[in-house]
Protein chains: 2
Amino acid sequence: MEERQALSAFAALSQETRLRIVRLLVQAGPAGMPAGAVAEAAGVSASNVSFHLKELTQAGLASAKREARSIVYTADYDALSGLIQFLMRDCCAGHPDICMPATASACTSDSKELSRA
Amino acid sequence: MEERQALSAFAALSQETRLRIVRLLVQAGPAGMPAGAVAEAAGVSASNVSFHLKELTQAGLASAKREARSIVYTADYDALSGLIQFLMRDCCAGHPDICMPATASACTSDSKELSRA
DNA sequence: TCGATATTTTTAGGATTATTGAAATATGGA
DNA sequence: TCCATATTTCAATAATCCTAAAAATATCGA
C-alpha cells in the first residue's frame, strides 16, 4: 500500500460513523450488506450512510455491487490488510520490536482475542 | 486501545506531515528527536512542526520531555502497537483471515520487508 | 540579570467535512 | 407502462481542521 492510499484510509477511519460502518461490513463478511441495512444498523439517515459509504469506497476500503433493488457494500479485505502492513512496515521501520506485541498476539492461535465485540 | 483513542490516532495519521513526523520519531528510537530537528528533517516551519507535534501528542502517538533547551519528542510505541492491534481485533473481528496476509509477512523473520524507506 | 535561542501559544483566515431534508434516479414487479 | 422501493444527488448550514504569522514563554550562557 502506498502512502497516498494509507493517508486516505486513515482519514476514512477517523470518523466515528465510518469506523462503525467498516466494522459492520467486515462482520457481514464477503456477502456484504445493502446500504439500507447499514444505515439501520449504524443508526444514521439513508443519505448520511450514502455519503459515508461513498467516502469509504473512494478510500478503497469498501466496494459496491448492485443486487436486485439493493446496492450491496463489501469491505475490502486487501485494503484493510494492506493498511495493517503499512503501519508495520513504514511506521515501525527499523524498530520491529514496536510491532512485536501486536504480531505476537495476532500470531498466536488464541482466536478469543479476535472475537471481541 | 479504545475506539476514542483509535479515532484520534487515525485522524492524526491522516495528515502527510504528521505521518512523516511519526516515521522520523520511530526511526529516531527511544532517544527521540528535538522539535527543531524534526522540523528540519520534515521540511516544515518551526511553528508548523510544533502544531503537528502537539496533535500527535494529544492523540497519544508521541510524548514530549524537556532536555536542556530542546523539547525532545518520542514516538509512543505502545500506542502504535495498540493501533495495529485495534485494527486486527475490532476491524477484523470474526474474520481473522483478513489479517492473515499482514500477520503472515510480519511474523516471518524476513526483516528486509521492514527496512523499506 | 540580560540577551540569545528554542519552542509554544495565540490568532485569524480559508478550506474541508458532516449533517439533514428534499428532489432525483434506478430497479423490479403488477 | 406504472407504481413502490432503495439509494443517490443536491443544496445549505454548522462544525471542524489546517496553516502561517506574530506574540509569548522558557532555558541557558555570558
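In what follows, chains are A, B, ... by sequence order, proteins preceding strands, each numbered from 1.
- Listed pair B:Arg18 / D:dC18 meets the phosphate criterion, a side-chain N or O lying under 4.0 Å from OP1 or OP2.
- If you take CD1 of B:Ile21 and P of C:dT7, they are 13 Å apart, rounded to a whole angstrom.
- Rotation axes derived from the C1' atoms of the five outermost pairs at either end of the helix from C:dT1-D:dA30 to C:dA12-D:dT19 lie 20° apart, to the nearest 10°.
- A donor-acceptor pair under 3.5 Å is absent between the side-chain atoms of A:Arg23 and the main chain of A:Leu25, judged by distance alone.
- OP1 or OP2 of C:dT19 lies within a sub-4.0 Å distance of a side-chain N or O belonging to A:Gln15.
- Between the CD atom of B:Glu67 and the C1' atom of C:dT5 there is a distance of 17 Å, given to the nearest Å.
- The line from CD of A:Gln58 to CG of A:Leu53 is 11.5 Å long, rounded to the nearest 0.5 Å.
- Between A:Met33 atom CE and D:dA6 atom C1' the separation is 15 Å, expressed in whole Å.
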Assess whether side chain to side chain contact (heavy atoms under 4.5 Å, CB included) is satisfied between B:Leu61 and B:Leu80, documenting all intermediate values. CA-CA 7 Å; B:Leu61 294 175; B:Leu80 284 171; 4.2 Å; yes
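- In this structure, NZ of A:Lys65 is placed 19 Å from C1' of C:dA26, rounded to the nearest angstrom.
- The environment of CD in B:Glu3 is crowded: more than 12 heavy-atom neighbours from other residues, nucleotides or ligands sit within 6.0 Å.
- Residue B:Ser70 is classed as a sugar-phosphate contact, given heavy-atom separations below 4.0 Å to backbone atoms only.
- Here the P atom of nucleotide C:dG21 and the CZ atom of A:Phe51 are 16 Å apart, to the nearest Å.
- In this structure, the separation between NE2 on A:His52 and OG1 on A:Thr17 is 4.5 Å, given to the nearest 0.5 Å.
- Between atom CG of residue B:Leu56 and atom OH of residue B:Tyr73 there is a gap of 9.5 Å, rounded to the nearest 0.5 Å.
- Remark: B:Glu40 CD is loosely packed, at most 12 non-hydrogen atoms of other residues, nucleotides or ligands lying under 6.0 Å away.
- A sub-4.0 Å separation between OP1 or OP2 of C:dT19 and a side-chain N or O of A:His52 is present.
- Distance, B:Phe10 CZ to D:dC17 P: 16 Å, rounded to whole Å.
- Counting non-hydrogen atoms under 4.0 angstrom, A:Ala46 reaches a base of the nucleic acid.
- Distance OG/B:Ser50 to NZ/B:Lys54: 7.5 Å, rounded to 0.5 Å.
- Comparing C:dT19, D:dC28, D:dA6 by their closest approach to the side chain of A:Asn48 singles out C:dT19.
- In this structure, B:Ile71 places its CD1 atom 13 Å from P of C:dA6, rounding to the nearest Å.
- In this structure, B:Ala68 reaches the sugar-phosphate backbone alone: every heavy-atom distance under 4.0 Å involves primed, P, OP1 or OP2 atoms, never a base.
- Taking only side-chain nitrogens and oxygens, A:Tyr73 never comes nearer than 4.0 Å to OP1 or OP2 of D:dA6.
- Both A:Arg66 and B:Val72 lie close to DNA chain C; mapped to their nearest nucleotides by heavy-atom distance, the more 5′-ward contact belongs to B:Val72.
- Going from atom CZ of A:Arg69 over to atom C1' of D:dT8 covers 17 Å, rounded to whole Å.
- You'll find that the side chain of B:Pro34 is closest to C:dT7, out of C:dT7, C:dT9, D:dT9.
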